[in-house]
Amino acid sequence: KSGVGISSMGVMNPQLVMRNMIPVVMAGVLGIYGLIISVILTGNITDTSSYTEYKAYAHLASGLSVGLSALGAGMAIGIVGDAGVR
């Protein structure tokens, strides 16, 4: 959504396009945050014999919480980025 907003801003007011790149950068930060969490979780897996079901479900829950919160935040950033240029 914010890409459509940037495109319409480029047509209506070209000198403000760079100001409207903030939502795109914020969405990229959310993706990088997900990568950081995945590296941390992968580093916590040391040996298959000591990796219990509890740890597996804890890692699944933490990955899902980060992913779903980033999904919600990304949707909100897109909607706000699109509404901010109209």
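Count residues from 1 along the sequence.
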Open item on the list: Applying side-chain contact (heavy atoms from CB on, under 4.5 Å) to Leu64 and Leu60, what does each step give before you reach the verdict?
Closed with: CA-CA 6 Å; Leu64 283 175; Leu60 175 67; 4.0 Å; yes
Open item on the list: According to ring-ring contact (aromatic ring centres under 6.0 Å, His included), who are the partners of Tyr51, at least two apart in sequence or on a separate chain?
Closed with: His59
TODO: To the nearest 0.5 angstrom, please state how far the CD1 atom of Ile32 sits from the CD1 atom of Ile37.
DONE: 13.0 Å
Task: Residue pair Thr46 / Gly43: nearest heavy atoms and the distance that separates them - done: CG2-O, 4.4 Å
Task: Other residues, nucleotides, ligands: >12 heavy atoms within 6.0 Å of Glu53 CD - done: no
Open item on the list: Side-chain heavy atoms nearer than 4.5 Å, only ILVMFWY residues, links allowed to pass through others: does that put Leu35 and Leu30 together?
Closed with: no
Task: Shared hydrophobic cluster, Leu41 / Tyr54 (ILVMFWY, side-chain heavy atoms < 4.5 Å) - done: no
